[in-house]
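Below, read A as the first sequence line, B as the second, and so on, with proteins coming before strands; counting in each chain starts at 1.
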Amino acid sequence: MTGTDLDRAAVAEDVLAASGGDQAAFDRLIERYAGLVWSVLRAHRLADADAQDVFQTTWLRLVEHLDRIREPRAVGGWLATTARHESLRVLRRGERSRPAAEEELDAIEDPGAGIEVDLVDADEAAALWAALEELDDRCRSLLRVLMADPPPAYEQVAAALDMPIGSIGPTRRRCLGRLREHLRTRGITA
Amino acid sequence: MSDEAQGGEGGGDVTRGHDEQLDEELLARLRALATGHDPVPDDTVLAARSMLAHLRLDAELAELTLDSFEATEPAGVRSAALATRRLSFRAGDREVEIEVVTERDRRRLVGQCLPAGAVRVTVERPHRPEQPGPATTETDDLGRFALTVPTGPLRLRCVWSDGGAAVETAWVSV
């Protein structure tokens, strides 16, 4: 068994245990997939209030389906698909608050808002966000999902964006290349 | 933490090498950026944990079978905001039909439980300290009801007075 197989077996066990009301098992599922679900909402440009609503709805949908998910091992993909569907519902409702990107940029300009991470200082962070915003939607949304922590499996990325799994690698390469160009014009090497 | 990231890598062909390494480094910077500047809010994670309290114990799940907003044109079409949203749920021969009417920051739910009969309808919302508990109403003899609710996720629990299994609709955000 590879590590991934072990991981998936553990996930399937947690789904089963959670369906019986095991809070610790459910918490582990949230810890593992919260970052993925959040990235899907942001990839769809949901702003804070909508994102929190959809995040909540996605986990509620998991709770209501715990005992009927066909492939408990693949619950990450199931969550990504659900988050995408719920995001699209909000977008179709057509009453979004202001775009998420704007809020994210505000957060960066406010020194108190973000936890500083050694790897990324404030100037570089602002430049990276701005460069991401210059990408086309396909690239921006793909990279936002790939930015999830822990890094999502490609099948989860495919589910999050409804794109063929085989196109993720090449698209990722192309999009990172474009991002690099945008960064270069800002004087940042990457 | 997770080794799932390997899931879709293309394998060790000639295109891998220096570029791939650079891509991984850039992606690591982007990931640090997201973790630092757009993390899942702590209270949002805490709220999600409490969702397990909503496990269905004694009711059948009525799945969402129609969401009229799902059937509209692609994202970006804004006229949907003005339209009435229709939702249908089904569990076997039991159905719940709802029209959602926008009233500023609240929603009016006008609906019917089928088969027609006297039904107790309870609106359940995720636990939040600042929100009141579930709201309950009795339908008329034809199963019709009207309720006004705050926006956000909810589900309806329907108990027919003639007995039989209670039904809980799938969660929807209105």
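Legend: ring-ring contact (aromatic ring centres under 6.0 Å, His included) pairs involving residues 150-174 of chain B, not counting sequence neighbours, sorted by first then second residue: H54(B)-W171(B). Note on residues 101-122 of chain B: no pairs pass ring-ring contact (aromatic ring centres under 6.0 Å, His included), not counting sequence neighbours.
Interface check for chain B: of the options A18(A), P170(A), G76(A), the most heavy-atom pairs under 4.5 Å are formed by A18(A).
Summarising the geometry, atom CH2 belonging to W59(A) is positioned 12.5 Å from atom OG1 belonging to T44(B); distances are rounded to the nearest 0.5 Å. Between the OG1 atom of T35(B) and the CG atom of D149(A) there is a distance of 4.5 Å, given to the nearest 0.5 Å. Of the inter-residue distances, the one linking L143(A) atom CG with L27(B) atom CG reads 7.0 Å to the nearest 0.5 angstrom.
With a threshold of 4.5 angstrom between heavy atoms, L29(A) does not approach chain B through any atom at all. For I168(A), no part sits under 4.5 Å from any heavy atom of chain B, backbone or side chain. For a residue to count as touching a neighbouring chain, one of its non-hydrogen atoms must lie under 4.5 Å from one of that chain's; by this rule D22(A) touches chain B with the backbone only. Proximity to chain A is absent for every atom of L46(B), based on heavy atoms less than 4.5 angstrom apart. For a residue to count as touching a neighbouring chain, one of its non-hydrogen atoms must lie under 4.5 Å from one of that chain's; by this rule E63(B) touches chain A with the side chain only. No part of A158(A) comes within reach of chain B, as not one of its non-hydrogen atoms sits under 4.5 angstrom from that chain. In this structure, chain B has no heavy atom under 4.5 Å from any part of L62(A). Contacts of L26(B) with chain A are made by side-chain atoms alone, with heavy-atom separations under 4.5 Å and no backbone atom involved. Using a 4.5 Å cut-off between heavy atoms, T189(A) touches chain B through its backbone atoms (N, CA, C, O) alone. Heavy atoms of S19(A) lying under 4.5 Å from chain B belong exclusively to its backbone.
F69(B) is not listed as a side-chain neighbour of R89(A), based on a closest heavy-atom distance of 4.5 Å or more. In this structure, L64(B) and R61(A) have side chains that are in contact, with non-hydrogen atoms separated by less than 4.5 Å.
Taking each heavy atom of V40(B) and A34(A) in turn, the nearest pair found is CG2-O, 3.8 Å. Closest of all the heavy-atom pairs between D53(A) and S173(B) is OD2-OG, 3.4 Å. Between P126(B) and Q56(A) the shortest heavy-atom distance is CB-NE2, 3.7 Å. Across all their heavy atoms, R31(B) and M147(A) have their closest contact at CG-O, 3.2 Å.
Both L79(A) and I165(A) sit in one connected hydrophobic cluster of ILVMFWY residues. Membership requires side-chain heavy atoms under 4.5 Å apart, directly or through other members. Linking Ile, Leu, Val, Met, Phe, Trp and Tyr whenever their side-chain heavy atoms come within less than 4.5 Å leaves L61(B) and V121(B) in two separate clusters.
A salt bridge links E24(B) and R172(A); the closest N-O separation between the charged side-chain nitrogens and carboxylate oxygens is under 4.0 Å. R155(B) and E64(A) are not joined by a salt bridge, as no carboxylate oxygen comes within less than 4.0 angstrom of a charged side-chain nitrogen.
In the displayed structure, R56(B) atom CZ is contacted under 6.0 Å by more than 12 heavy atoms of other residues, nucleotides or ligands. Within 6.0 Å of the CG atom in D42(B), the count of heavy atoms belonging to other residues, nucleotides or ligands does not exceed 12. Heavy-atom contacts from other residues, nucleotides or ligands closer than 6.0 Å to CZ of R68(A) number more than 12. For D136(A), the CG atom is densely surrounded, since the number of other residues' heavy atoms within 6.0 Å is greater than 12.
Checked by atom type and distance alone, the side chain of Q23(A) pairs as donor or acceptor with a backbone atom of R49(B) at under 3.5 Å.
Remark: R84(A) pairs with V40(A), H44(A), T81(A), L88(A), D162(A) by the side-chain contact (heavy atoms from CB on, under 4.5 Å) rule, at least two apart or across chains.
Heavy-atom proximity under 4.5 angstrom to chain B picks out L176(A), L179(A), R180(A) from residues 174-182 of chain A.
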Determine, stepwise, if the pair D38(B) / W38(A) fulfils side chain to side chain donor-acceptor pair (under 3.5 Å). CA-CA 9 Å; D38(B) 188 22; W38(A) 189 253; 3.2 Å; yes
